[in-house]
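Structure first, then comments.
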Amino acid sequence: MKFISINNAVNKWLIELRYGREKETLRNLKNHLKRIIIYFDDEPGRIDLESYHNWIIWASNQWKPSTVNKTHKTAQRLFKWMKIKEANKISNIRLKVPQEKIETYSRDDIGAILNWCNSQNCDTWRSRCAAFLLIVSSSGMRGGEVIKLKWSDFDEDSALFHLQNTKTRVSRFAAVHPNIIQYLKSYKIRINKRLGFESTHIFPSFVNPGNGVVYTAVMNKIRDVVSKELKIKINAKKFRSTLVKLVIESGAGYERAAAIVGHTDIGTTQRHYHRISMDQGALNAHATALDGLGFDKIT
C-alpha cells in the first residue's frame, strides 16, 4: 500500500496496534512519530537511508539520546509496515545510547512536596494532585498504575493497594505510608461531595465524573503549576528512583526493593540503582573488597 501522507500511515498503523495495548502506549508511539512527520514534511517519498541519517543528526541536536533512540525504534517498525523501500537498511542502524544518571529527590524536596500535599484540603484538582503525589511518593508505584486505582483496590487496615492493571501484566500489592490514610479518607469525602455520588475511582474525572481522570491531566497540573509553586521539578518516575535508593541504602537489599517497586527481575533493580548513585557506602565496600590484594604496593 502506498501512502501520500506519513501521518495517515501512522493513524492506520496505530489502529492495527490498538488491540491489547494501553491508550497511553499508543499515544506515546504517536508522539515519537511526530518527530519524523515534522522533519520529512509528512511526505513518505522523502524517506530513504541518506535522508534518515540526516534526520538522526538533526534529531540528536534537538533531543536527548534516549528520546532519539525510542523514536528510531518506533520508526523502524512503522517503515517496515509501510514497506518503505530502504526500511531494512534503516532497521540495521544502531544508535549508541549512554546510560543517563537517574535523578532522585532530596529529603528536603520530599518534605516540601508532602507539606504542599497536606495543605490541599479542598475539592478541586489540587486535592486530587495531592492524593496522587502522596500515593506515588510513598508506594513506589508507577504513575500510570496510581491513576487507575479504585477504592475497591485499597485495604486501609493494612495500607495496601492491590494492583491488577500493571505495566508488566502481573498483579501485585503495593504499600503506602500509614500516615496518609487519614488524608485519603477525608479526600474521598470531599471529592464525593463535589461529584454528588460515591465514585469508584480514586481519581475521578471532573468533566466525565463516571470515568477516571487521564494521567496527562493530572501530570500537566503538577508540572505546570505545582512544580512552579514549589520550585521543584516533579515527575512520577523520580519518586520510584528515590524509593529504590532509600530502601537499598537502609540495608534492606535489592530483593525487597524490587518487590516494593514491582520489578519482576532483580537485575532491573540493580541496574537502576547503580545508575542513581555511587554513594560513600559503595566506595567503602569497594575499597574493603580490594584490601590485601597488593594494590597498596603500587607506586
Side-chain angles (χ1 to χ4, degrees), residues 1-103 142-145 166-170 215-216 235-238 240-241 244 258 261-278:
M1 183 186 299
K2 293 211 171 185
F3 297 94
I4 60 172
S5 161
I6 302 174
N7 187 57
N8 179 256
V10 169
N11 290 334
K12 290 186 176 180
W13 182 57
L14 293 178
I15 288 173
E16 289 192 11
L17 291 181
R18 72 183 185 274
Y19 298 106
R21 289 178 173 83
E22 299 287 342
K23 289 182 180 179
E24 189 69 26
T25 300
L26 297 175
R27 199 158 33 236
N28 287 338
L29 291 176
K30 188 162 189 175
N31 286 337
H32 288 318
L33 293 170
K34 283 179 182 176
R35 303 181 186 104
I36 299 292
I37 294 170
I38 291 170
Y39 183 82
F40 288 100
D41 293 327
D42 202 20
E43 295 180 18
R46 292 184 54 195
I47 301 172
D48 57 26
L49 186 61
E50 182 179 354
S51 64
Y52 191 77
H53 269 297
N54 292 335
W55 173 83
I56 290 174
I57 294 170
W58 173 79
S60 298
N61 291 323
Q62 308 290 324
W63 301 286
K64 59 185 182 181
S66 59
T67 300
V68 176
N69 192 50
K70 286 177 184 176
T71 303
H72 172 53
K73 287 183 176 180
T74 306
Q76 287 176 346
R77 295 165 61 193
L78 174 69
F79 294 164
K80 282 188 176 181
W81 181 85
M82 291 175 65
K83 297 183 179 177
I84 295 291
K85 187 176 180 180
E86 296 189 296
N88 287 333
K89 292 180 180 179
I90 290 172
S91 291
N92 288 330
I93 298 173
R94 296 292 181 267
L95 302 182
K96 291 183 178 179
V97 184
Q99 292 285 355
E100 300 169 359
K101 183 178 177 181
I102 297 175
E103 296 182 349
R142 298 174 178 89
E145 294 170 342
T166 69
K167 179 181 178 181
T168 58
R169 312 291 183 190
V170 177
Y215 180 68
T216 50
N235 68 68
K237 191 172 183 178
K238 199 170 175 180
R240 281 169 59 79
S241 304
V244 168
V261 298
H263 287 157
T264 55
D265 179 3
I266 191 174
T268 302
T269 317
Q270 292 170 324
R271 290 192 300 273
H272 188 87
Y273 175 70
H274 286 296
R275 285 172 60 197
I276 293 173
S277 66
M278 176 67 85

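Since we're looking at a predicted model, the values are computed, not measured.
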4.5 Å side-chain heavy-atom contact, Val68 and Trp55: yes
Shortest non-hydrogen pair, Ile93 vs His72, comes out as O-NE2, 2.9 Å
So, do Asn11 and Lys30 sit near enough that their side-chain heavy atoms are less than 4.5 Å apart? yes
Gln62 CD to Ile38 CD1 distance, which is reported to the nearest 0.5 Å: 9.5 Å
Under a 3.5 Å distance rule, please check whether Arg240 uses its side chain to pair with a backbone N or O of Val261 as donor and acceptor. yes
Heavy-atom check, side chain of Ile47 versus side chain of Ile6, under 4.5 Å: yes
Got a donor-acceptor contact below 3.5 angstrom from the Arg18 side chain to the Ile15 backbone? yes
Qualifying residues under ring-ring contact (aromatic ring centres under 6.0 Å, His included), relative to Phe79, sequence neighbours excluded: Tyr52
For Asn61 and Ile57, work out which heavy atoms get closest and say how close. ND2-O, 3.3 Å
Might you confirm whether atom NZ of Lys238 has over 12 heavy atoms from other residues, nucleotides or ligands at distances under 6.0 Å? yes
Just so I know, are the side chains of Trp13 and Met82 near enough to count as touching, which here means a heavy-atom distance under 4.5 Å? no
Only one of Asn28, Leu33, Val10, Asn31 passes side-chain contact (heavy atoms from CB on, under 4.5 Å) with Thr74, and that residue is Leu33
Around atom CD of Glu16, are there more than 12 heavy atoms from other residues, nucleotides or ligands closer than 6.0 Å? yes
Is any side-chain heavy atom of His32 closer than 4.5 Å to a side-chain heavy atom of Leu78? no
Specify the closest pair of heavy atoms between Tyr215 and Ala236, including all atoms of both residues, with the distance to one decimal. OH-CB, 3.6 Å
Between Asn69 and Ser66, does a side-chain hydrogen bond (donor to acceptor under 3.5 Å, both in side chains) hold up when you go through it step by step? CA-CA 5 Å; Asn69 192 50; Ser66 59; over 6 Å; no
Tell me the closest heavy-atom pair linking Trp81 and Ala9, and the distance in Å. CZ3-O, 3.5 Å
To the nearest 0.5 Å, how far apart are CD1 in Ile56 and CG in Leu95? 5.0 Å
Separation of Ile84 CD1 from Phe3 CZ (nearest 0.5 Å): 9.0 Å
To check you understand the geometry: which heavy-atom pair defines the closest contact between Lys80 and Ser91, and what is its length? CE-OG, 3.1 Å
Between Asp41 (side chain) and Glu43 (backbone), is there a donor-acceptor pair under 3.5 Å? no
